[in-house]
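Chain letters run A, B, ... following the sequence lines, proteins first and then strands; every chain starts at 1.
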Amino acid sequence: DVKVTQSSRYLVKRTGEKVFLECVQDMDHENMFWYRQDPGLGLRLIYFSYDVKMKEKGDIPEGYSVSREKKERFSLILESASTNQTSMYLCASSLWGRWGQRLNTIYFGEGSWLTVV
Amino acid sequence: AQSVTQLGSHVSVSEGALVLLRCNYSSSVPPYLFWYVQYPNQGLQLLLKYTTGATLVKGINGFEAEFKKSETSFHLTKPSAHMSDAAEYFCAVSDLVAQKLVFGQGTRLTINP
């Protein structure tokens, strides 16, 4: 089975702290994603990556950055945490899709609950 | 741009009753459509997906959804609700190349005994 692991399930950080959320997948997937989940808003894409050292902004990248130094690991970074970044963060991964190929299933981790006080 | 609207943030049904969760989408390219379920304190689990071919898609746990292009809809149904179906359900749309999911707002399903 594909496994997407988010190492920290629950975090409490102070305003202004630098926060790292780590995600590791074990199926050699090219694509990795970070989503943020808020009540009434569903999931919104923060950043995604197609390959090592590649990254692209999603719909809500402000206040976040990412790092992908190894294929299996995708880190989300909050340079200076703020209270409006209190949320559930979900990491996901999938195989790279090419024209004519079947759409590949996207697998999600269990989420990281971040509270910024 | 793609978007998804889920009608009803909360749906409550009795155990054994029909479950109907509504999803409408907007897409300028042929859409790929998904339903995901999220149980409390867990990540998202894929229920079913539509890519091409048969418009009635069967998924896990007795759920199914029908792609209706003329109505731009992809509603999720289950003939008989179980208590274990209580969860939050998300409809999502994607394209083949980027494979970025765009989600609806979610519908919380409550099952009454």
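Highest contact tally toward chain B, considering only A:Pro39, A:Gly40, A:Gly58, is held by A:Gly40 [criterion: heavy-atom pairs under 4.5 Å]. Most heavy-atom pairs under 4.5 Å with chain A: of the set B:Asn41, B:Leu101, B:Leu46, B:Thr52, this distinction falls to B:Leu101. Chain A forms the most heavy-atom pairs under 4.5 Å with one residue out of B:Arg108, B:Gln45, B:Gln38, and that residue is B:Gln38.
Within residues 71-92 of chain B, the residues having any heavy atom less than 4.5 Å from a heavy atom of chain A are, in residue-number order, B:Glu88, B:Phe90. Within residues 63-79 of chain A, no residue has a heavy atom under 4.5 Å from a heavy atom of chain B. Within residues 108-117 of chain A, the residues having any heavy atom less than 4.5 Å from a heavy atom of chain B are, in residue-number order, A:Phe108, A:Gly109, A:Glu110, A:Trp113.
Note on B:Leu44 and A:Met88: same hydrophobic cluster, where clusters join Ile, Leu, Val, Met, Phe, Trp and Tyr whose side-chain heavy atoms are under 4.5 Å apart, directly or indirectly. Under the 4.5 Å side-chain heavy-atom criterion for ILVMFWY residues, a single connected hydrophobic cluster contains both B:Trp35 and B:Phe63. In this structure, B:Tyr36 is not a member of the same hydrophobic cluster as A:Leu41, with clusters built from ILVMFWY side-chain heavy atoms closer than 4.5 Å. A single hydrophobic cluster is not seen to contain both A:Tyr47 and A:Leu45; linkage of ILVMFWY side chains at heavy-atom distances under 4.5 Å, directly or through other members, places them apart. Under the 4.5 Å side-chain heavy-atom criterion for ILVMFWY residues, a single connected hydrophobic cluster contains both B:Leu47 and B:Val93.
For A:Gln37, the part lying under 4.5 angstrom from a heavy atom of chain B is the side chain only. Interface residue A:Tyr10: only side-chain heavy atoms are found under 4.5 Å from chain B. With a 4.5 angstrom heavy-atom cutoff, A:Arg44 does not touch chain B via any of its atoms. Contacts between A:Leu43 and chain B at a heavy-atom distance below 4.5 Å involve backbone atoms as well as side-chain atoms.
Contacts classified as disulfide bond (SG atoms under 2.5 Å apart) and involving residues 11-46 of chain A (residues at least two apart or in different chains) are given here: A:Cys23-A:Cys91.
When every heavy atom of A:Tyr35 is checked against every heavy atom of B:Lys100, the shortest pair comes out as OH-C, 4.1 Å.
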